[in-house]
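Take a look at the structure set out below.
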Number of protein chains: 2
Amino acid sequence: MRVSELAVRSDVTIASVKYYIRIGLLHPGVAQSATRAEYDDSHLERVRLIRTLVDVGGLSIERISEVVAALDNPPASRHELLGTAHEVLRDRDRPPASASAQRLVDGVVPACLPSAADHGNPGRSPATLTLDQAITVAESSGWPITAETLTCWGEAMRAVAEVDVVADLADASPAQALRYAIIGNVVTDPILLALRRVAQERLSSERLGGVTAPP
Amino acid sequence: MRVSELAVRSDVTIASVKYYIRIGLLHPGVAQSATRAEYDDSHLERVRLIRTLVDVGGLSIERISEVVAALDNPPASRHELLGTAHEVLRDRDRPPASASAQRLVDGVVPACLPSAADHGNPGRSPATLTLDQAITVAESSGWPITAETLTCWGEAMRAVAEVDVVADLADASPAQALRYAIIGNVVTDPILLALRRVAQERLSSERLGGVTAPP
DNA sequence: CAATGATGGACACTGCTACTATCCAAAGTC
DNA sequence: GACTTTGGATAGTAGCAGTGTCCATCATTG
């Protein structure tokens, strides 16, 4: 297909396609002549990935470059796959984690989320680092998290992750699996948060005995 | 206190304080003379709220204006409180929900999140609308959600919301309760998502039998 | 009591991001 | 042969969230 078709099919302007190629997010088409190049499904898929990451995930172009780099050079082992996915999704410009947050995490997580990696020193994975920092931010916003709360949430998220991991493991190539892990989290995170709000409304209406629905 | 102190205590430059006042996010200090005004804890609290919403929630200044407007004019009834909180946190520029997503939500949510509001026609609350749209986006990103998945997630999020609602109801004035509902969601959403990732890593390492931890 | 320096108010300006627009010459199309 | 499309390059734009600068006032301090 030509640029115009790629642009229409991915719902993006030609100018944007050119832009993505220029900054290296998208590989150029195969040049047929000085004024013609051929684009294929890999281009279409890439542009759609970019748009999902921008529109749904709210990732910056810079972050997307990292995602793309990881996809073009995926980890060989299954074990590092999620780590890589979580690393690119991780918010890098957060203040460092407080000691109390790390202690809380160390105390609660192994108990409610047992893992084979608990033998020996597990180190701090991207996700654990993110958790440390998120709890630190909450603390400094005057919203301290108790061990009980975290335990309860951890158990709930284990149930969520059961579904996730099963879905992710079905796939074939490392690049595809990585793609799935990244897109899967990006598109389903908002669903989870929306469900949380729905649950809050319904629970609160039950507790208060009234009707929460708006006009 | 004077601007300089307010600026230091809220970790913001004087220029930013002036900016927030100029655009109406922050009420001016009480003028003592042409070159002196007195600021109090309400100013400090407001600036900290703004920064939390910007830094943690990633809200735009425009959205924060809505939050501030809601706080200055909170709903009188407890029942509308969460609805208002969810309305201001809701992403307004999403495509409309698909019929299939709405059907999915209607089929799953009442079953796993029973509510007093289910008598008669409940309408669509802000959170439900957000959920519809989030599922629609997932569908159109090639990530269809099954009823089983949604049910499982819904049950997990009910457990999460149990903790939330208890915390929110402890408070006094409508404005305070609204503030808590908004900040609470904003600062704890990232924790939940981080826990999800941690759970994924640990579960996957258990399934794969290896060690997921990075270097 | 004069020098110093913080304040309020107004307005212009900046830095960053993510595109858009324009131009051109070559190539394909009708 | 007129018209459209493309690739490549470069410059320009829109929006957001502040910053910088200026000035007249005013409080403080040596």
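Side chains are part of it too, since the values below use all heavy atoms of this structure and drop only hydrogens, waters and symmetry mates. Protein chains get the first letters and strands the later ones, always in sequence-line order, with residue 1 at the start of each. Quick caveat: nothing in here was measured; it's all calculated off a predicted structure.
- Residue B:Arg2 has its side chain nearest to C:dT7 when only D:dG18, D:dA17, C:dT7 are considered.
- A residue-by-residue look at A:Ser33 and A:Thr13 shows that A:Thr13 has its nearest nucleotide of DNA chain C further toward the 5' end.
- Side-chain atoms of B:Arg197 never come within 3.5 Å of backbone atoms of A:Thr128 as a donor-acceptor pair (strictly under, hydrogens ignored).
- Terminal axes of the helix from C:dC1-D:dG30 to C:dC30-D:dG1 (five pairs each, C1' rotation axis) are separated by 10°, to the nearest 10°.
- Residue B:Tyr20 places at least one side-chain N or O closer than 4.0 Å to OP1 or OP2 of D:dG18.
- Atom CD in B:Gln32 sits about 12 Å away from atom C1' in C:dT7, given to the nearest Å.
- One interatomic measurement links the two molecules: CD1 of A:Ile21 to C1' of D:dT6, which rounds to 11 Å at whole-angstrom precision.
- Nearest to the side-chain atoms of A:Tyr39 among the listed nucleotides C:dG28, D:dC26, D:dG7 stands D:dG7.
- B:Ala31 comes within contact range of no nucleotide atom at all, as no heavy-atom separation falls under 4.0 Å.
- Among the atoms of the strands shown, none is found under 4.0 Å from any heavy atom of A:Arg63.
- For the atom pair CD of B:Glu139 and CG of B:Leu104, the computed distance is 7.5 Å after rounding to the nearest 0.5 Å.
- Comparing D:dA27, C:dA6, C:dC19 by their closest approach to the side chain of A:Ile61 singles out C:dC19.
- Rounded to an integer number of Å, the gap from CG of A:Asp55 to P of C:dC19 is 8 Å.
- None of B:Leu178, B:Ile182, B:Leu89 except one satisfies the side chain to side chain contact (heavy atoms under 4.5 Å, CB included) rule with B:Val67; the exception is B:Ile182.
- Whole-Å rounding puts the A:Tyr19 OH to C:dT20 P distance at 10 Å.
- Not one N or O on the side chain of B:His79 forms a donor-acceptor pair closer than 3.5 Å with the backbone of A:Ser205.
- The interatomic distance linking B:Leu26 (CG) with D:dA17 (P) rounds to 16 Å, in whole Å.
- The CD-C1' distance, from A:Glu38 to C:dA27, rounds to 15 Å in whole Å.
- The residue among B:Lys18 and B:Leu59 whose nearest nucleotide of DNA chain D is located toward the 5' end is B:Leu59.
- Neither OP1 nor OP2 of C:dA25 sits under 4.0 Å from any side-chain N or O of A:Thr35.
- Map B:Ile14 and B:Arg22 each onto its nearest nucleotide of DNA chain C; the residue landing nearer the 5' end is B:Ile14.
- Stacking of A:Arg48 on the aromatic ring of B:Trp143 is not recorded, the 6.0 Å distance cut-off and the 45° axial limit not both being met.
- A:Arg103 contributes no side-chain N or O that, together with a main-chain N or O of A:Ser98, makes up a donor-acceptor pair within less than 3.5 Å.
- By the 6.0 Å contact criterion, CD on B:Glu62 is open, its count of non-hydrogen atoms from other residues, nucleotides or ligands being 12 or less.
- For A:Arg36, the listed nucleotide lying nearest its side chain is C:dT29; candidates were C:dT29, D:dG18, C:dT20.
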* Between B:Val47 and B:Tyr39, does a side-chain contact (heavy atoms from CB on, under 4.5 Å) hold up when you go through it step by step? -> CA-CA 11 Å; B:Val47 176; B:Tyr39 300 85; over 6 Å; no

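- Atom CD1 in A:Ile23 sits roughly 11 Å away from atom P in C:dT17 (whole-Å rounding).
- When each of D:dT25, D:dT6, C:dC19 is scored by its nearest atom to the side-chain atoms of A:Val3, the top-ranked nucleotide is D:dT6.
- Counting to the nearest Å, the C1' atom of D:dG7 and the CD atom of A:Glu5 are 18 Å from each other.
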